Chemist: 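Below you'll find the structure I mean.
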Amino acid sequence: MSDSAFRTMGQQAGRRSWAEPWKIKMVEPIFMTSREDREGAIVDAGFNTFLLRSEDVYIDLLTDSGTSAMSDRQWAGMMSGDEAYAGSRNFYHLEEAVRSVYGYRYLVPTHQGRGAEHLISQALISPGQIVPGNMYFTTTRMHQELAGGSFADVIVHEAHDPSDPSPFKGDVDLGKLESLIQREGAERIAYVSLAGTVNMAGGQPVSMANARALRELCDRYGIRVYLDATRMFENAYFIQQRESGYGDKSIRAIVHEFCGYTDGAWMSAKKDNLVNIGGWLAVNDPDLFDRLRNLVVIYEGLHTYGGMAGRDMEALAIGIGEGVEDDHVRTRVGQVQYLGQLLIDWGIPIVQPVGGHGVFLDARRFYPHIPQDQFPAQTLTAELYLDSGVRGMERGIVSAGRDPATGAHRYPALELTRLAIPRRVYTQAHMDVVAESVKAVYDARGATRGLKMVYEPRYLRFFQARFERLP
Ligand SMILES: *Cc1c(COP(=O)(O)O)cnc(C)c1O
């Protein structure tokens, strides 16, 4: 079916349905527990869903990271791993896949996204420099800070408003960026850290027009642009659907053009690239490549495996090809939209427009009676688990952490519970169960109390912090 025929059907939703371009060959049993069991489990986990055992979870929407189902072709690829220490054939397949889909010249493999973030931050940031970007991401900013930089948010203001319906809430505010450059001087800007579909804003995309204009602006000041390509395929889908001139272009063509406005990218392959582990860094500058290829051997592994087994690189090379297919991205995002639309229809407050990789519940509007320093989104995440065994994740004040200079909590405008949908894993019936549980928690919202933090780790506290219920 042509893209436009598919879209026409989509517009008539309700009359004709779409379905995933695959069928299920293998299943893994999951179990519903009792409310009493879940009460015990969440208390043991300090009201932090990262500390639950997966056996105690029914539908796991903690993250879309490393949780995808691989295809039969990817599993076949796992059997053709060339586990040579140096020069594995699978590395060259991976290099070819990244070149052909993303268009960057040089590839450095890493064990996952944060390995790539570590290397690029160490290579490009000098102490005291600033890294502007379209909203922070937890591990990205952490590595920028550890390299001596400080992150400056230059996303458009609409991104901070969960009900603003703008189609490209991931865009960079070019005016804000230019005044920052003029105020600080171009030499203080390490590079621009651009993310495709902004995770912390609720999976919101960047337009092609914005990427093009960003490139022009940065060229005028001699500043480089590096892309967090983790969910770039989903970003490309939104460009295809929403930006004029792109309706008839393939996701592949859109990704290629978009990446062409940047100087390189880092990738958590555990997301869009459909593998359970893996990452990479790809750049166009041969000198930078030389430095990165030298750094990778210290922290990750030799430059032809970077912490991955040969078989993992093969599955990743195949996953890149499958992940960029129009049919795949359309049904992947379509499933997220399906869940989001159910909640919207029931009047439940979520971030709109619905993002690419998950549905983000607006905890401020669930619990207007719980102040932000009593962790409304952490509370909502725990309540949802208690209701049905559905596991989400906090994306609010806990994730935002503390200001390294003052030590005070950072109070983000968005206080969200994220329900991230793994790719090719759950069915529409699972989405119905999730929606009904969210509704049950929403209906009981008036009686819900907040939490207090009783243990706080120094770095990336959301992963391991512990909480207790307030009386
Ligand atoms: C997951 C993620 C990362 C970090 O990648 P890991 O593979 O988890 O180390 C970086 N950026 C974004 C936007 C992500 O979602």
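Since the model is a prediction, treat every value here as computed from it, not as a measurement. Counting starts at 1 for both ligands and their atoms, following the listed order. Computed over heavy atoms, backbone and side chain alike; hydrogens, waters and symmetry mates excluded.
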Chemist: Write 'none' if nothing qualifies; otherwise put on separate lines each N/O atom of ligand 1 with a protein N/O atom under 3.5 Å away and their distance to 0.1 Å.
Modeler:
residue	atom	partner	partner atom	Å
ligand 1	5 (O)	Ser268	OG	3.3
ligand 1	7 (O)	Gly113	N	2.8
ligand 1	7 (O)	Ser268	OG	2.6
ligand 1	8 (O)	Gln112	NE2	3.4
ligand 1	8 (O)	Arg114	NH2	3.0
ligand 1	9 (O)	Gln112	NE2	2.8
ligand 1	9 (O)	Gly113	N	3.3
ligand 1	9 (O)	Arg114	N	2.8
ligand 1	9 (O)	Arg114	NE	2.7
ligand 1	11 (N)	Asp228	OD2	2.7
ligand 1	15 (O)	Asn199	ND2	3.2
ligand 1	15 (O)	Arg231	NH1	2.9
ligand 1	15 (O)	Arg231	NH2	3.4
ligand 1	15 (O)	Lys271	NZ	3.0

Chemist: Can you list the residues that meet the salt bridge (Lys or Arg N to Asp or Glu O under 4.0 Å) rule with Asp56, with sequence neighbours excluded?
Modeler: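 Salt bridge (Lys or Arg N to Asp or Glu O under 4.0 Å) check on Asp56 returns nothing, list empty.
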Chemist: Around atom CD of Glu83, are there more than 12 heavy atoms from other residues, nucleotides or ligands closer than 6.0 Å?
Modeler: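 Check passes, neighbour count above 12.
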Chemist: What residues, two or more places apart in sequence or in another chain, satisfy side chain to side chain donor-acceptor pair (under 3.5 Å) together with Arg466?
Modeler: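 So Arg466 forms no side chain to side chain donor-acceptor pair (under 3.5 Å) with any residue.
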Chemist: Start with the C-alpha distance between Glu145 and Val131, add both sets of side-chain angles, then the distance that settles side-chain contact (heavy atoms from CB on, under 4.5 Å), and finish with yes or no.
Modeler: CA-CA 9 Å; Glu145 288 174 355; Val131 191; over 6 Å; no
Chemist: List the steps and the verdict of side-chain contact (heavy atoms from CB on, under 4.5 Å) for Arg410 and Arg402.
Modeler: CA-CA 5 Å; Arg410 294 191 250 226; Arg402 291 181 186 273; 5.8 Å; no
Chemist: Sorted by first residue and then second, give each salt bridge (charged side-chain N to carboxylate O under 4.0 Å, His left out) pair with at least one member in residues 86-95; sequence neighbours left out.
Modeler: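 Sorted result for residues 86-95: Glu95-Arg99.
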